[in-house]
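Please read the structure below before turning to the comments.
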Amino acid sequence: MVRFPSETGEDVRQPAEVLTPIAVGNEFIVLGRVVLGKTTPVEYEVQIGQEIVRRSIPVGGLGQRIQRLKLPPSVTNKLKDPAHKAEDAAVEQTYTRRTAPVWSKPFQEAVKIRAQSSAFGQPRTYVVGGPVQFHYGTDYPAPAGTPVSAVNDGMVVMAGMYPVRGGLVVIDHGAGLSSMYFHQRRVVVQVGQKVVRGQKIGEVGSTGLSTGAHLHLEMRLREKEPIRRPGSIASGQGRAAKQRTPLRKCPLLLCSGALRCT
């Protein structure tokens, strides 16, 4: 059993949820999450039988500059679309899923583009004088029509056109982990469809709250953001990959049956 007691009182769903580690070779893996903007330590506890080990991990800021956007009313008015509330409710529902993990390989990129126009966790304003908000995903500028691929195996739980997220696909990868692909001009998968790593799910576009062709990619863990890039999630083949992603970038916690955490 693994818990994150420091989540109590934070803006997360099911804080301090009891999590069951995933068996990966001779070790067990638990994906941790951290609230963007958090600077206090993440506290976790691991229990095997009657033995409990409690530890904490320091958290620091990303040190990113504020990105000041000046979106025109023709774009920001999409936030007032009557269908926006239903869109948010449908996305919220996907966060409640707790299915078994289905991936067996490292997560890959969704588009063959390395450049980023907005980074994960970047503070930004959308209009002049507007509030500073964190960017929950990573924006990859790409020509319209560029293929968008599933970052790993999973099941499509949302697919369609929406007022704010535009052409949207949400894939459930299991263990509370999902990937989300915004602003596509074309979606080529359906809800309930099983997809495999690298399979085309749509095409880059500029639909929804967007001013130019790009893919907004989010990785969500039990609603919050677990990682900076898909590739920082370990493989499920053999022994767990020993990637050391700093917690300020949202961690991957690996815990063995001997109560050793790395």
Side-chain angles (χ1 to χ4, degrees), residues 22 24 29 31 87 90-118 120 136-162 164-208 210 212-223 225-238 240-241 243 245 250 252:
I22 305 165
V24 181
I29 182 173
L31 294 172
E87 174 186 343
V91 171
E92 290 280 337
Q93 190 62 34
T94 68
Y95 297 149
T96 66
R97 296 176 62 89
R98 296 293 186 273
T99 56
V102 295
W103 74 85
S104 59
K105 297 178 181 179
F107 283 64
Q108 68 165 48
E109 303 293 353
V111 287
K112 298 185 182 301
I113 301 291
R114 304 299 295 182
Q116 300 177 10
S117 53
S118 291
F120 166 74
Y136 288 154
T138 302
D139 287 348
Y140 297 95
T146 299
V148 176
S149 303
V151 295
N152 218 326
D153 300 351
M155 177 176 287
V156 178
V157 293
M158 278 189 75
M161 290 290 174
Y162 296 89
V164 174
R165 295 168 180 84
L168 171 68
V169 173
V170 180
I171 299 175
D172 175 22
H173 301 287
L177 180 65
S178 60
S179 55
M180 310 175 73
Y181 314 76
F182 294 14
H183 310 308
Q184 299 176 86
R185 75 172 187 181
R186 182 169 173 245
V187 169
V188 300
V189 291
Q190 299 178 339
V191 172
Q193 180 178 342
K194 292 182 179 180
V195 295
V196 297
R197 179 179 182 268
Q199 178 178 337
K200 181 179 177 179
I201 60 172
E203 296 176 355
V204 169
S206 184
T207 56
S210 172
H214 73 287
L215 174 70
H216 172 101
L217 173 67
E218 290 187 13
M219 299 295 296
R220 292 277 184 152
L221 178 65
R222 303 190 304 279
E223 180 263 335
E225 310 73 37
I227 61 171
R228 188 172 185 175
R229 296 177 54 207
S232 64
I233 292 185
S235 167
Q237 292 184 325
Q243 290 167 291
T245 305
C250 305
L252 180 68

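These values consider heavy atoms only, across backbone and side chains, with no hydrogens, waters or symmetry-generated copies.
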Set of salt bridge (charged side-chain N to carboxylate O under 4.0 Å, His left out) partners for [X], sequence neighbours left out:
{"X": "Glu218", "answer": "Arg220"}
{"X": "Arg197", "answer": "none"}
{"X": "Lys112", "answer": "none"}

| query | Would a distance-only check, ignoring hydrogens and angles, find a side-chain to backbone donor-acceptor pair under 3.5 Å from Thr207 to Gly167? | reply |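 Yes, because the side chain of Thr207 sits within donor-acceptor range (under 3.5 Å) of the backbone of Gly167.
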| query | Got a donor-acceptor contact below 3.5 angstrom from the Glu87 side chain to the Val164 backbone? | reply |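 At least one qualifying donor-acceptor pair exists.
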| request: Identify, with sequence neighbours excluded, every residue that meets side-chain hydrogen bond (donor to acceptor under 3.5 Å, both in side chains) alongside Ser206. | output: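 With sequence neighbours excluded, Ser206 shows a side-chain hydrogen bond (donor to acceptor under 3.5 Å, both in side chains) to Ser210, given in chain and number order.
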| task | Using the test ring pair (Phe, Tyr, Trp, His ring centres under 6.0 Å), find all partners of Tyr162 that sit at least two apart in sequence or belong to another chain. | result |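 None.
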| said: Among His214, Arg114, Gln116, which residue satisfies the side-chain contact (heavy atoms from CB on, under 4.5 Å) criterion with Tyr140? | reply: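 Going through the options one by one, the only one that passes is Gln116.
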If you compare all heavy atoms of [X] against all heavy atoms of [Y], which two are closest, and at what distance to 0.1 Å?
{"X": "Ile113", "Y": "Ala142", "value": "CG1-CB, 3.8 Å"}
{"X": "Val187", "Y": "Ala159", "value": "CG1-CB, 4.0 Å"}
{"X": "Ser117", "Y": "Pro141", "value": "N-CD, 3.6 Å"}
{"X": "Gln184", "Y": "Leu168", "value": "NE2-C, 4.2 Å"}
{"X": "Ala144", "Y": "Ala213", "value": "N-CB, 3.9 Å"}
{"X": "Leu31", "Y": "Leu221", "value": "O-CD2, 3.1 Å"}

Between atom [atom1] of [X] and atom [atom2] of [Y], what is the distance when rounded to the nearest 0.5 Å?
{"X": "Met155", "Y": "Ile171", "atom1": "CE", "atom2": "CD1", "answer": "11.0 Å"}
{"X": "Asp172", "Y": "Thr99", "atom1": "CG", "atom2": "OG1", "answer": "3.5 Å"}
{"X": "Arg186", "Y": "Met161", "atom1": "CZ", "atom2": "CE", "answer": "10.0 Å"}

Does a side-chain heavy-atom distance below 4.5 Å link [X] with [Y]?
{"X": "Lys194", "Y": "Val102", "value": "no"}
{"X": "Met219", "Y": "Val151", "value": "yes"}
{"X": "Thr146", "Y": "Leu215", "value": "no"}
{"X": "Val156", "Y": "Ile201", "value": "no"}

Donor-acceptor contacts under 3.5 Å from residues 173-180 side chains, at least two apart:
{"residue": "His173", "atom": "ND1", "partner": "Asp153", "partner atom": "O", "Å": "2.7"}
{"residue": "His173", "atom": "NE2", "partner": "Ser179", "partner atom": "OG", "Å": "2.7"}
{"residue": "Ser179", "atom": "OG", "partner": "Tyr181", "partner atom": "OH", "Å": "2.7"}

